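As structure tokens, the structure follows; a few thoughts come after it.
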Number of protein chains: 2
Amino acid sequence: MSHSVPALHPIGHLAEATGIKVPTIRYYEQIGLLAPPPRSQGNRRLYPAAAIQRLRFIRHARELGFEIDAIRQLLDMADQPDQSCADADSIARRHLADIESKIARLTALGQEVRRMTEDCSQSSVRQCRVIQVLADHGQCLGEHLPESEKINEK
Amino acid sequence: MSHSVPALHPIGHLAEATGIKVPTIRYYEQIGLLAPPPRSQGNRRLYPAAAIQRLRFIRHARELGFEIDAIRQLLDMADQPDQSCADADSIARRHLADIESKIARLTALGQEVRRMTEDCSQSSVRQCRVIQVLADHGQCLGEHLPESEKINEK
DNA sequence: CTACAATCTCTAGCGACTAGAGAAGCAAGG
DNA sequence: CCTTGCTTCTCTAGTCGCTAGAGATTGTAG
């Protein structure tokens, strides 16, 4: 019997093990975030176990809201454990600042929208506070909302 | 002399008056958010003054984070002032709930990312808290972040 | 042998724009 | 009249991070 089987995983297994969908894994390969694995005779991808770790790293970073480009840099750093981590730290700090500015903007939006709905008398459109405020920007309290980097609401 | 000139505005004037860029105005027309205006002999768009109000409404709603589809509905309602405003109100309330869930999620992300950076000893990657936490999901505190509707970080 | 599942590649779509090419219109100056 | 320069026109493609679908192939269990 052979001792220590290499244990290569098909893409479906990787998806299951990491919670990342199959098409997304292929997409990550396409954009160069994940190295192209060797293939079977039938052209299927066969991943070494290390790919699972890498994908988990990616997934966790995505869950924390890091952009793909930042993750690319973070992965590069993770591959060179002897270098300084100042860059990793600054990527994370920048991301944190980004998150905080989004929170600030959303909080301002939220106040404005809440005020609209609270003042609405629930009668006809003519007296609807929601419509009125939207039509006349001057009726805003907060007025100049923090623009930051156009939060891209969604 | 003619009393009451119709005063039609070229697209550039509209852009200036509303703060919405020229290509965006054309885009709004294309997706049916703004009615196609009459044209000059030379095929230029000539807008009636009412278009400025409409675009201001749109801009304000966009600034408050409403989606195009919601704005479409809100505009329809604004055009029928005698109907009930219950729908407008519920659109705004839904949007508010959306904003609040985003804030909740971003707050959770922010805590996690702040912890990473604060714990980072600023030395080598090997001991870098940022990289470590990303590599090992188990080191997260918050653990299961609110998923809500995949905030689409940007 | 026949289902059926898993995988393959490729293309297109999402939302809300933004950027650019290349052509045409328009006013003022020489 | 002609040129210069500005605005506008249409059209296509790119952004981000996937997701969905078509249609072909491979692998496996009964």
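Order of the sequence lines fixes the chain letters, A, B, ..., with proteins taken first and strands second; residue numbering starts at 1 for each chain. Quick caveat: nothing in here was measured; it's all calculated off a predicted structure.
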Atom pair distance, as rounded to whole Å: [atom1] in [X] and [atom2] in [N]:
| X | N | atom1 | atom2 | result |
| --- | --- | --- | --- | --- |
| A:Ile71 | D:dG17 | CD1 | C1' | 10 Å |
| A:Asp69 | D:dG17 | CG | P | 8 Å |
| A:Ile58 | D:dC18 | CD1 | C1' | 14 Å |
| B:Ile25 | C:dA16 | CD1 | P | 17 Å |
| A:Arg62 | D:dG17 | CZ | C1' | 6 Å |
| A:Tyr27 | C:dT11 | OH | P | 17 Å |
| B:Arg59 | C:dC17 | CZ | P | 11 Å |
| A:Glu16 | C:dA6 | CD | P | 10 Å |

- Query: For B:Pro48, does its backbone N or O pair with a side-chain atom of B:His9 as donor and acceptor, under 3.5 Å?
  - Reply: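 Not a single qualifying donor-acceptor pair exists.
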Can you find a side chain N or O atom of [X] that sits less than 4.0 Å from OP1 or OP2 on [N]?
| X | N | answer |
| --- | --- | --- |
| B:Ser40 | C:dG25 | no |
| A:Tyr28 | D:dC18 | yes |
| A:Lys21 | D:dC18 | no |

- Steps toward salt bridge (Lys or Arg N to Asp or Glu O under 4.0 Å) verdict (B:Arg114, A:Glu100): CA-CA 10 Å; B:Arg114 195 173 311 114; A:Glu100 280 165 354; 2.9 Å; yes
If I compare all heavy atoms of [X] with all of [Y], which pair ends up nearest, and what's the gap?
| X | Y | value |
| --- | --- | --- |
| A:Pro10 | A:Tyr47 | C-CD1, 4.5 Å |
| A:Arg39 | A:Asn43 | NH1-O, 2.9 Å |
| A:Leu106 | B:Lys102 | CD1-CB, 3.7 Å |

- Its contact letters, B for base, S for sugar-phosphate only and - for none at protein heavy atoms under 4.0 Å, make nucleotides 7-13 of chain D read BBBB---
- Angle by which the axis turns from one end of the helix from C:dC1-D:dG30 to C:dG30-D:dC1 to the other, five pairs per end, to 10 degrees: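 What I find for the helix from C:dC1-D:dG30 to C:dG30-D:dC1 is an axis angle of 30°.
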Could you go through residues 85-92 of chain A and list every donor-acceptor pair under 3.5 Å that involves a side-chain atom there, pairing it with any protein atom two or more places apart or in another chain?
from: A:Asp89; atom 1: OD2; to: A:Arg93; atom 2: NE; distance (Å): 2.7
from: A:Asp89; atom 1: OD2; to: A:Arg93; atom 2: NH2; distance (Å): 3.0
from: A:Asp89; atom 1: OD2; to: B:Gln122; atom 2: NE2; distance (Å): 3.1
from: A:Ser90; atom 1: OG; to: A:Asp87; atom 2: O; distance (Å): 3.2
from: A:Ser90; atom 1: OG; to: A:Arg94; atom 2: NH2; distance (Å): 3.1

- Query: Tell me, which pairs form a side chain to side chain donor-acceptor pair (under 3.5 Å) where one or both residues lie in residues 69-78 of chain B, sequence neighbours left out?
  - Reply: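 Those involving residues 69-78 of chain B do not exist here.
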- Query: So which pairs with a foot in residues 117-127 of chain B pass salt bridge (Lys or Arg N to Asp or Glu O under 4.0 Å), sequence neighbours left out?
  - Reply: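 Those involving residues 117-127 of chain B are A:Asp82-B:Arg126, B:Asp119-B:Arg129.
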Let me check something: any side-chain donor-acceptor pairs from residues 16-36 of chain B under 3.5 Å, sequence neighbours excluded? List them with distances.
from: B:Thr18; atom 1: OG1; to: B:Leu14; atom 2: O; distance (Å): 2.8
from: B:Thr18; atom 1: OG1; to: B:Ile20; atom 2: N; distance (Å): 3.2
from: B:Glu29; atom 1: OE1; to: B:Arg45; atom 2: NE; distance (Å): 2.8

- Item | Side chain of A:Glu67 - closest among C:dC26, C:dC17, D:dG17 |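 For the A:Glu67 side chain, the nearest candidate turns out to be D:dG17.
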